[in-house]
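Here is the structure we will look at, set down as C-alpha cells.
In what follows, every chain begins at residue 1, and chains take the letters A, B, ... in the order their sequences are listed.
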Amino acid sequence: MKRSHFFIPTQKEVPQDAEIVSHQIMIKGGYIRKTAAGIYTLLPIALKIQKKIENIIRKHMNAAGAYEIYMPVLSPAELWMETGRYQIYGKELMRIKDRHDRDFVLGPTHEEIVTDIVRKNIKSYKELPVCLYQIQTKFRDEVRPRFGIMRGREFTMKDAYSFDASPEKAVESYLKMEKAYNDIFSELELEYSEVEAQSGPIGGSTSKEFMVHASSGEDKILSCARCGYAANIEKAGAKYDNPDEPLKELAEAETRDKKSVEDVAAFMNMKPEKIIKTIIAKTEKGFRALLLRGDRELNTEKAKAALGLLEIVFATEAEIEKITKAPQGFSGPVGLEDIPVIADVSLQGLRNAAAGANKKDMHFLNVNAERDFRVEEYADIAFAKEGDACVKCGGELRSFSGIEVGHIFVLGTKYSKSMSARFLDENGKEQIYHMGCYGIGVGRTMASVIEQKYSQDKGMYWPSCIAPFDAEILVMNCKNEDAVKAGQALYEKMKAAGLDPVIDERNINAGIKFAESDLLGTPFRIVLGNRFLETGKYEVLKRKTFEKTEMTEEEVMALFG
RNA sequence: CGGGGUGUAGCGCAGUGGCUAGCGCGCUUGGUUCGGGACCAAGAAGUCGCUGGUUCAAAUCCAGCCACCCCGACCA
C-alpha cells in the first residue's frame with residue numbers, strides 16, 4: 001500500500017474527551033472515528049487489525065473443536081421472554097418494533113438464540129458435545145459508554161456456547177475453552193491474568209475473566225504472588241486473623257454523636273478492626289443485619305452470591321429506626337432479635353469488640369459473638385483488599401488494574417431449563433443440556449494491545465500477527481529520485497515475497513513521517529535517508545525491542561523468514 | 001438513572017448585549033526547507049447545538065428541548 005493513497009486520517013490534536021491512551025492513539029492515528037456516543041466507525045487500519053484478531057480467535061476456537069455459525073443480530077422478543085431476560089435485562093437491551101408492531105431486540109448476547117437452535121436440531125447424546133461460536137456485532141445500551149471502543153454500545157464480540165450431557169462434561173468443555181483463550185491471548189503478546197470472577201446476572205457457577213494488565217483498566221484484581229491465586233475484587237476472598245484473648249465483661253459506653261466507625265474508633269482510642277459494623281440491609285427476602293469488621297466494606301455482589309439473594313440495598317434511616325429502635329449509627333447485633341444476623345468471615349474469632357447498642361449515643365464494649373448475640377450465618381460478604389492474606393495460602397495479596405477482554409462461564413442449566421432444551425441419553429431418557437458460554441471483546445482486545453504496547457517516547461508497536469502492515473518503508477527525501485526509486489524497488493520486492501508493506505513516499509516533512517509512523521506501529525520501520533544514498537544500507541527499527549540496525553536488502557528480506 | 005459540566009470552522013480554544021465573530025493547529029495554492037508534526041506569503045472554510053422568548057440590537061440574557069462529556073451502580 002502506498003501511504004499517499006491510503007485512508008489514514010491522522011490528526012495532531014485529539015478531542016478532549018479521549019482520556020485513555022488507546023482512545024487517543026486510535027483518534028490521532030486515524031484508526032477510528034466517532035459516529036455517536038459509544039458508536040464508532042472503524043477506518044481501514046483498525047479494520048485490518050480487527051480482522052486479524054478475529055482470525056487468530058477463529059484458529060484457536062476451531063482447534064478446540066468449536067464450529068463457527070452466524071446468528072442474527074435481530075431476534076424476536078419471544079425467545080427473551082422464555083428465559084425472562086426480556087424483563088430482567090432492563091434498559092441495556094435495545095428493543096425495536098417491526099412494521100407489524102412485533103417486538104424485537106438487538107442482541108447483546110445470544111444464549112437464547114443458540115439454545116433455540118440447538119434444542120430444535122440436536123436430539124441425541126451421540127451428537128454431544130457441541131460448541132458453537134460466532135463473531136458478531138453486539139448491542140448493549142450502556143448507561144455510560146466510554147473510552148472509545150473499549151466500552152461501546154455497539155461492539156464486536158466473539159461469543160461461544162457449549163452444550164454437554166452432564167455437569168462433568170460441561171467442565172471438560174469449559175477447560176478446552178480456557179486453554180483456547182490462553183492460546184489466543186498469548187499469541188497476541190498480551191500480558192494478562194486469568195482471574196476468578198463473579199458470575200453475575202448471566203448466571204452459572206464457575207467463571208473466570210481474562211484481564212489484560214493496564215493501569216487504565218476498569219477492573220481491580222487481587223493476586224497472590226506466592227501461590228498465584230488471582231480474583232476480581234468483586235469475588236476475591238481473604239484470610240483474617242483476630243488475636244485470641246480472654247473474654248471481658250460486656251460494658252456500655254457513651255459515644256455522643258459518634259456514628260461512623262472512624263469516629264467511634266478515634267473516640268474510644270481503639271483500632272477499627274475491633275469494632276463491629278452493623279449494616280441493616282433490605283433484600284427481597286426481608287431485612288438482614290450484616291455485620292462487618294470495622295475496617296471492611298460490604299461487597300454486595302459477594303453478599304448476594306453467598307446468601308443466595310438477588311437484591312441487597314441499604315435500609316433507609318426510617319427503616320433502621322423501626323428495626324433497631326435507635327438512630328442510624330448506633331445499630332449493633334446485641335439485642336437485635338427481629339431480623340437474621342449475618343456476620344462476615346472477618347469477624348470470626350474477634351474478641352471484646354465494640355458495637356452499637358441500638359440506643360442513641362451508646363455503644364457496647366467487650367462484645368463477643370455467641371455469648372452476647374447469635375450469628376445465624378458466617379459468610380464472605382466483604383471486599384478483600386491489598387495487603388490481606390490470601391485465602392488459599394496466606395501469602396500477601398497485591399492489587400492491580402485490568403481490562404476484561406474475555407470471560408468464560410460454566411452456565412449449568414439456567415437457559416436449557418427455562419427453554420426446555422433436551423436430548424435423549426443412552427437410556428432413552430430426556431435430559432437437559434449443561435451449558436457454558438465464553439466471550440471475547442474483539443474491539444476491546446485491539447484497544448488493550450494499544451494500552452499495553454504504546455509508549456510516549458517509542459510510539460506504538462503492533463505484534464506482527466495483527467499488525468496493519470508487515471513493515472513500513474519511509475523515504476526521507478522524496479525529491480531525490482534515486483531514493484524514491486530504491487524505496488519503491490524494495491516495496492515491490494517485499495510484495496513479490498508475499499508481504500504486505502506500506503511505503504511513505506509523500507513529499508512532506510520528515511517529522512510528520514516519523515510521527516505518523518509511530519502511530520501506525522508496524523513491527524519494522526525501514527528508513528531510506530542520506531545514509532542509504534551513501535552506503536546503500538537501510539536503517540531498520542525493530543519496534544518490538546526498539547533496536548536500530550543498518551541492513552542490506554538481503555538482511556531486510558531475511559527478517560520475514 | 002442520580003450528581004456535575006460543556007455545546008462557537010475538521011481539532012483545540014477566545015469572545016458575557018453593539019456594528020464585518022476571532023486565534024492556534026489542520027486544509028488549499030505558491031515558494032523556501034528536507035532525519036522527528038519546519039518556515040514565509042496568499043486563500044477557503046461558521047444556520048455560534050435546536051426552538052421559542054426578551055430587546056432598537058442576542059454567540060452573549062431567559063425558557064424548553066437535544067446532543068456530548070465527567071463521577072457512581074453494570075459489562076466483552
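Within 4.0 Å of A/A510, counting heavy atoms only, lie sugar-phosphate atoms of the nucleic acid but no base atom. Nucleic acid contact class of A/D219 (heavy atoms, under 4.0 Å, all strands): base. Base engagement by A/N509 is indicated by at least one non-hydrogen atom pair under 4.0 Å involving a base atom. A/V14 comes within contact range of the sugar-phosphate backbone alone, with a heavy-atom separation under 4.0 Å but no base atom that close. In this structure, A/N530 reaches the bases: a heavy-atom distance under 4.0 Å links it to at least one base atom across the strands shown. Residue A/L519 is in base contact, counting any heavy-atom pair closer than 4.0 Å across all strands shown. As judged by a 4.0 angstrom heavy-atom cut-off over every strand, A/E539 is placed among the base-contacting residues. Within 4.0 Å of A/G441, counting heavy atoms only, lies at least one base atom of the nucleic acid. Contacts of A/E516 with the nucleic acid, taken as non-hydrogen atoms under 4.0 Å apart, include base atoms. A/M150 comes within contact range of at least one nucleobase, with a heavy-atom separation under 4.0 Å. At a threshold of 4.0 angstrom between heavy atoms, the contacts of A/G152 include nucleobase atoms, whether or not backbone atoms are also involved. Among the atoms of the strands shown, base atoms are found under 4.0 Å from some heavy atom of A/G529. Across all strands shown, A/M157 has heavy atoms under 4.0 Å from sugar-phosphate atoms exclusively, and none from any base. Looking at heavy-atom distances under 4.0 Å, A/R33 makes no contact with the nucleic acid at all.
Taking the six-membered ring for Trp and the full ring otherwise, the centers of A/F469 and A/F6 sit less than 6.0 Å from each other. Checked against the 6.0 Å centroid threshold, A/Y538 and A/F532 count as a close aromatic pair. For A/Y192 and A/H213, the gap between ring centers reaches or exceeds 6.0 Å.
Checking B/rC11, B/rC69, B/rA76 against every side-chain atom of A/F409, the shortest atom distance belongs to B/rA76. Counting only heavy atoms from C-beta on, A/R444 has its side chain closest to B/rC75 among B/rG37, B/rC68, B/rC75. The listed nucleotides are B/rC71, B/rC68, B/rC74; the one nearest the side chain of A/R153 is B/rC68. Of the candidates B/rC68, B/rC11, B/rC74, B/rC74 carries the atom nearest the A/E142 side chain, counting heavy atoms from C-beta on. Set against B/rC68, B/rC74, B/rG35, the side chain of A/E92 has B/rC74 as its closest nucleotide.
Nearest heavy atoms, A/C437 versus A/L411: CB-CD1, 3.8 Å.
Between the CG atom of A/D17 and the P atom of B/rA67 there is a distance of 16 Å, given to the nearest Å.
With hydrogens and angles left out, the side chain of A/R506 and the base of B/rG37 share no donor-acceptor pair within 3.5 Å.
Contact annotation: A/R144 side-chain N/O to B/rC71 OP1/OP2 distance is under 4.0 Å. A sub-4.0 Å separation between OP1 or OP2 of B/rC69 and a side-chain N or O of A/K34 is present. Under 4.0 angstrom from either OP1 or OP2 of B/rA38 there lies at least one side-chain N or O belonging to A/K12. Applying the 4.0 Å criterion to OP1 and OP2 of B/rG36, one finds that A/K513 has every side-chain N and O outside that range. An OP1 or OP2 oxygen of B/rC69 is reached within less than 4.0 angstrom by no side-chain nitrogen or oxygen of A/R146.
Nucleotides B/rU6 and B/rU33 are separated by 41 Å at their C1' atoms, to the nearest Å. Look at the C1' atom in both B/rA9 and B/rA44: the space between them is 11 Å, to the nearest Å. B/rC69 and B/rG12 are spaced 12 Å apart, taking the P atom of each and rounding to whole Å. Rounded to the nearest Å, the gap between the P atom of B/rG4 and that of B/rG64 is 15 Å. For the P atom pair drawn from B/rU20 and B/rC13, the interatomic distance equals 29 Å after rounding to whole Å. Going from the C1' atom of B/rA38 to that of B/rG26 covers 15 Å, rounded to whole Å. Spacing between B/rG43 and B/rU51 at atom C1', rounded to whole Å, works out to 36 Å. When the C1' atom is used for both B/rA67 and B/rG31, the distance is 44 Å, rounded to whole Å.
Both A/R151 and A/N477 lie close to RNA chain B; mapped to their nearest nucleotides by heavy-atom distance, the more 5′-ward contact belongs to A/N477. Mapping A/G443 and A/K91 onto RNA chain B via the closest heavy atom, the residue that lands nearer the 5' end is A/K91.
Note that A/K138 lies outside the cation-pi zone of A/F155, set by a 6.0 Å cut-off to the ring centre and a 45° limit from the axis.
Across all strands shown, B/rU29 forms a Watson-Crick or G-U wobble pair, both distances under 3.5 Å, with B/rA41. Pairing for B/rA73 is absent, judged as Watson-Crick or G-U wobble with the two contacts each under 3.5 Å. Summarising the base pairing, B/rG64 is matched to B/rC50 through a Watson-Crick or G-U wobble pair whose two defining distances lie under 3.5 Å. Pairing partner, B/rG24: B/rC11, with both Watson-Crick or wobble hydrogen-bond distances short of 3.5 Å.
Between A/Y181 and A/F185, the ring-plane angle classifies as perpendicular under the 30° and 60° cut-offs. The aromatic rings of A/Y89 and A/W80 sit perpendicular, their planes meeting at an angle over 60°, well past the 30° parallel limit.
In this structure, a donor-acceptor pair under 3.5 Å is absent between the side chains of A/Y461 and A/T522.
Stacking is found between A/F155 and the pyrimidine-like six-membered ring of the B/rA76 base under the 5.5 Å centre-distance and 30° plane-angle cut-offs.
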